[in-house]
Undergrad: 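The structure follows.
We're numbering straight along the sequence, starting at 1. For ligands, and for the atoms within them, numbers begin at 1 and follow the listed sequence. All values below come from the heavy atoms of this structure, side chains included, with hydrogens, waters and symmetry mates left out.
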Amino acid sequence: MGLNVLSAEISHETNTFNIRPTDVQAFRDRYLLDGPAAIGAKGARNTELAGLLDVGREHGWDITHVISAAAGPGGRVTNAAFETLLTPLIRAASVGEWDGVFLMLHGAMVTEDHDDGEGEILRRLRAVVGPDLPVAVTLDPHANVTRAMCARAQILVSFTTYPHVDVRATGRRAAELLDRTMTGDIHPHTIRAHRPMLEEANGGRTDIGPMVQRHAMARAFEAQKGVYAISINGGFPCADIQEVGPTVLVTGEAANPALAPMADELAEDIWARRHDALNDYLSVEAAAAVARDWQRGASPLIIADYADNPGSGAYGDAPALLAALLEARVGDACFGPLIDAEAAAQLQDGDIGDERTLAIGGKTAPEFGGGPLDVTGTLMWHGEGRVVGDGPILGGQERSFGKTAVLRVAGIDILIVSIPHQMLDLQQFRAFGIDPSGRSVVALKSMQHFRAAFAPIAGRIIVCDSGALCTTRYGLLPYENVPRPIFPLDDA
Ligand SMILES: [Zn+2]
């Protein structure tokens, strides 16, 4: 008889400024799967679940996986959706005999009733399994990790990369620690250090900059006796909640007095280097000017619209950058995704090659990134927006943009979709007849994840802030609940 492990994946990054609630349908649009379906779809990919299954096989565990659910980042999770996600977990937790629980949480969920969604998940779990059962949690480093989360799980382990390419490896690390805890080899708890900031200076990016050094330091700390995992979370700034911001978590032997100083040393470095931002956020006009002068035939210029990243809960419908590219007469380009279900639906009728005139984008919150843009172009593609990724993050995993169309306007192929996703895999263009590596200019909506697949084809990458909902100009957002003072709102 192997050890009995209960597992569940409940993942959401909630942008509390987004006016659209995240309901059950939003989870269905990304994925809402029971255990067997989740294992079939995700059990051998770059997922936490795959890492858990790897370790479970090696140790002969009996794993009961009850749910995998994730929605695209958006507004507060409705109470109905939260109950739908939690019910299978709490039901299984209360009826089974468990040696441990493994939860795959993003770590930035805010619901209608709970500012700390994950803290509430763990509270309800503890209410049925008691205070001592080993519980391991994997997190995205864009988690806003609360004191309650650390009090209710012994083990918390975040991805160490942004772009997140080590998701499966993180599942493995956490599962190995759960095994050692269940067998009595270790007795971990998790210490949390925090500084009064909305996010780490570079949003937690790990390809360059200070995070590279911090992770090297963390790996060195982990080589010490009684230190099991160090997680450095950049935080998620688009959440108007009390416990927002970067955290350092040190999971180690409960009796080890060295854990808190380690957490503090890393957190202090995040604070000390809070001004060391690496991105130069261009205006859309400045970005378009670079694109206008970009040499045709060279490797593509990639322009990331950082502020309108659907991957952090922006609406993804801001047309400001597209308008600037059209104004600058930048041809031989592609732009996407533009999240506009109404326009995508309108473009489902008619034949490929038809000329179409319509208003696209800017319909949700024109004050963030501009109002609707009237365009006339040629319909290049329409249909269901199914994508199977082939890049480092999404390889082998399926996603859907819902109803999708490509409209070519003045030499720019505009990918218009219904279900929000950020651009992070070349297949998200290629599946719709657009080859980004063959274009002079590729404009996309993403902050950092796009680099995993697009940096290898890029001649140059620039980043712009279109003024959309995830603008880095935080003073434009109506924060009311974050504790003050907080950086950078109260820089002085
Ligand atoms: Zn993340």
Undergrad: Strictly under 2.8 Å, is the Zn ion (ligand 1) approached by any N, O or S atom of His164?
TA: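 His164 does place an N, O or S atom closer than 2.8 Å to the Zn ion (ligand 1).
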Undergrad: So that I know where these two stand, are Tyr315 and Phe368 an aromatic pair - ring centroids less than 6.0 Å apart?
TA: no
Undergrad: Does the Glu118 side chain pair with the main chain of Met109, one donor and one acceptor, at a distance under 3.5 Å?
TA: yes
Undergrad: Looking at Leu133, is its backbone amide N or carbonyl O close enough to the side chain of Arg126 to form a donor-acceptor pair, meaning the two atoms are under 3.5 Å apart?
TA: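 Side chain of Arg126 to backbone of Leu133, a donor-acceptor pair under 3.5 Å: yes, one is there.
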Undergrad: Examine Asp140 and say whether one of its N/O/S atoms is closer to the Zn ion (ligand 1) than 2.8 Å.
TA: yes
Undergrad: Tell me if a side-chain donor or acceptor on Glu268 pairs with a main-chain N or O of Glu265 at a distance below 3.5 Å.
TA: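 No; zero donor-acceptor contacts below 3.5 Å.
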Undergrad: For a distance under 2.8 Å, tell me if His142 has an N/O/S atom near the Zn ion (ligand 1).
TA: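 It does: His142 brings an N, O or S atom closer than 2.8 Å to the Zn ion (ligand 1).
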